[in-house]
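As the structure is a computational prediction, the values presented were derived from the model and not from experiment. Count residues from 1 along the sequence.
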Amino acid sequence: MSQNPDHRFSTSTNPFFLGNGENQAFTFEGPVPLPRVNNNLPDPQPKMVSFVFSYDQDILNSVVLGPKGQQYFVVATDTRKHLTTPSTIIQSTRGTHARIDWHQSHPTVEWNGVLEKQRTGEFLRLTQDQNRRIMTFGGAQLAWWPSHTSVILSTERSEVVAQVIASVNSTVLDVTAESLARGMLEKAVLAVVLLMSGRSID
């Protein structure tokens with residue numbers, strides 16, 4: 001019996017459920033090879049650009065590398081016991097940064113120049129059937145949803161704009177070149193950190 005090394009995506013923290021009439025939690029089975037192509041995506045596949053979250057323990061302390069191994073973000077979490085509210089900072093090489101405050105009741109998130117301060121459960125709103133999380137970008141509603149060994153971000157027309165695949169010491173975010181050109185990277189990175197954090201975001 002194989003063990004699941006990645007327990008971070010669970011019903012207690014990020015409740016996505018699969019169908020078949022059972023409350024079966026979506027989990028990642030790993031290690032999973034770092035992909036460039038996912039067979040679950042529609043054909044023809046959109047051109048994807050890969051960003052790799054590399055870490056020793058979890059995504060809350062990680063480095064995000066893009067094409068040619070260039071560093072794009074640093075994710076750092078301060079959990080010292082004397083702190084009333086632990087926080088996570090996502091520092092961009094572009095000079096902007098996001099802050100997640102892990103309040104026990106309702107965590108909050110903000111990204112200067114990208115996202116006004118709000119509850120994490122508002123940024124990634126869980127649908128009533130608990131199958132998807134809705135993220136607003138460019139005035140449109142996009143949905144994060146589980147698909148076998150990955151998490152997909154798609155439009156209302158079921159067009160895939162991003163996918164996430166996790167293994168033991170890394171998580172890969174693939175984003176379409178078109179979405180990157182429209183400025184989606186920061187919101188996508190923030191969503192991945194929240195979804196893979198292993199913490200309650202509602």
Side-chain angles (χ1 to χ4, degrees), residues 4-9 13-14 27-41 45-79 86-100 102 109-115 120 123-124 133 135 137-138 142 144 146-154 160-199 201:
N4 179 4
D6 197 327
H7 60 277
R8 291 160 292 178
F9 206 87
T13 56
N14 299 286
T27 58
F28 289 109
E29 296 291 340
V32 179
L34 301 185
R36 289 298 179 268
V37 175
N38 186 307
N39 292 330
N40 296 323
L41 299 183
Q45 298 172 5
K47 181 180 179 181
M48 293 280 193
V49 181
S50 295
F51 297 86
V52 180
F53 295 75
S54 179
Y55 41 83
D56 292 327
Q57 295 183 340
D58 58 51
I59 204 168
L60 292 178
N61 291 283
S62 60
V63 176
V64 184
L65 304 177
K68 299 181 180 180
Q70 180 179 352
Q71 180 174 303
Y72 277 70
F73 303 93
V74 175
V75 184
T77 300
D78 193 343
T79 58
S87 62
T88 296
I89 301 295
I90 305 175
Q91 183 68 49
S92 168
T93 55
R94 300 178 184 180
T96 64
H97 70 275
R99 180 185 180 93
I100 306 169
W102 299 105
V109 63
E110 60 183 316
W111 196 316
N112 62 313
V114 177
L115 186 72
T120 54
F123 172 59
L124 294 176
R133 285 190 179 272
M135 182 180 81
F137 175 74
L142 308 178
W144 292 98
S147 175
H148 302 291
T149 58
S150 63
V151 175
I152 303 296
L153 178 64
S154 63
V160 175
V161 295
Q163 66 172 344
V164 181
I165 297 183
S167 61
V168 178
N169 295 117
S170 66
T171 295
V172 177
L173 165 66
D174 291 330
V175 185
T176 62
E178 179 182 354
S179 297
L180 290 177
R182 295 179 59 204
M184 182 184 283
L185 181 58
E186 283 82 1
K187 279 195 172 182
V189 165
L190 178 56
V192 171
V193 170
L194 290 171
L195 290 172
M196 301 302 298
S197 68
R199 300 190 179 202
I201 60 175

Give, for atom [atom1] of [X] and atom [atom2] of [Y], the distance between the pair rounded to the nearest 0.5 Å.
X	Y	atom1	atom2	result
F73	Q71	CZ	CD	10.5 Å
L142	S154	CG	OG	7.5 Å
Q57	S62	CD	OG	12.0 Å
L124	T120	CG	OG1	7.5 Å
F51	L65	CZ	CG	10.5 Å
H148	I165	NE2	CD1	11.5 Å

Please report the closest heavy-atom contact between [X] and [Y], naming both atoms and the distance.
X	Y	result
V168	Y55	O-CE1, 3.6 Å
V172	D174	CG1-OD1, 3.5 Å
F123	K187	CZ-O, 3.7 Å
N61	A76	OD1-CA, 3.7 Å
M196	A166	CE-CB, 3.7 Å
A191	M135	CB-SD, 4.1 Å

Pair E186 + R94, salt bridge at N-O below 4.0 Å: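 The answer is yes: the pair qualifies as a salt bridge.
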
Is there a side-chain contact between [X] and [Y] (heavy atoms, below 4.5 Å)?
X	Y	result
V161	F137	no
V74	V64	no
L173	S50	no
L153	V160	no

Could you point out which residue of I100, I59, V193 forms a side chain to side chain contact (heavy atoms under 4.5 Å, CB included) with V75?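 Among I100, I59, V193, the one meeting side chain to side chain contact (heavy atoms under 4.5 Å, CB included) with V75 is V193.
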
Test log, rule side-chain contact (heavy atoms from CB on, under 4.5 Å), inputs L115 and V109: CA-CA 8 Å; L115 186 72; V109 63; 4.0 Å; yes

If we ignore angles and hydrogens, is there a donor and acceptor under 3.5 Å between the side chains of T96 and N112?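 No donor-acceptor contact under 3.5 Å links the two side chains.
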
Side-chain donor-acceptor contact under 3.5 Å, T88 with W102: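 Judged by distance alone, the side chains do pair up.
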
Look at the side chain of N169 and the backbone N and O of D56, then say whether any donor-acceptor pair between them is shorter than 3.5 Å.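 Yes, N169 side chain to D56 backbone: donor-acceptor pair under 3.5 Å.
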
Main chain of S150, side chain of S147: is a donor-acceptor contact present, judged purely on distance under 3.5 Å?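 Such a contact is absent between S147 side chain and S150 backbone.
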
With a cut-off of under 6.0 Å to the ring centre and 45° to the axis, is R99 in cation-pi contact with W111?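 Cation-pi check for R99 and W111: fails.
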
Full working for side-chain contact (heavy atoms from CB on, under 4.5 Å) between I152 and W144: CA-CA 5 Å; I152 303 296; W144 292 98; over 6 Å; no

Test side-chain contact (heavy atoms from CB on, under 4.5 Å) applied to L190 and I90, step by step: CA-CA 8 Å; L190 178 56; I90 305 175; 3.8 Å; yes

Might you work through the side-chain contact (heavy atoms from CB on, under 4.5 Å) test for V189 and F53, ending with a clear yes or no? CA-CA 9 Å; V189 165; F53 295 75; 3.9 Å; yes

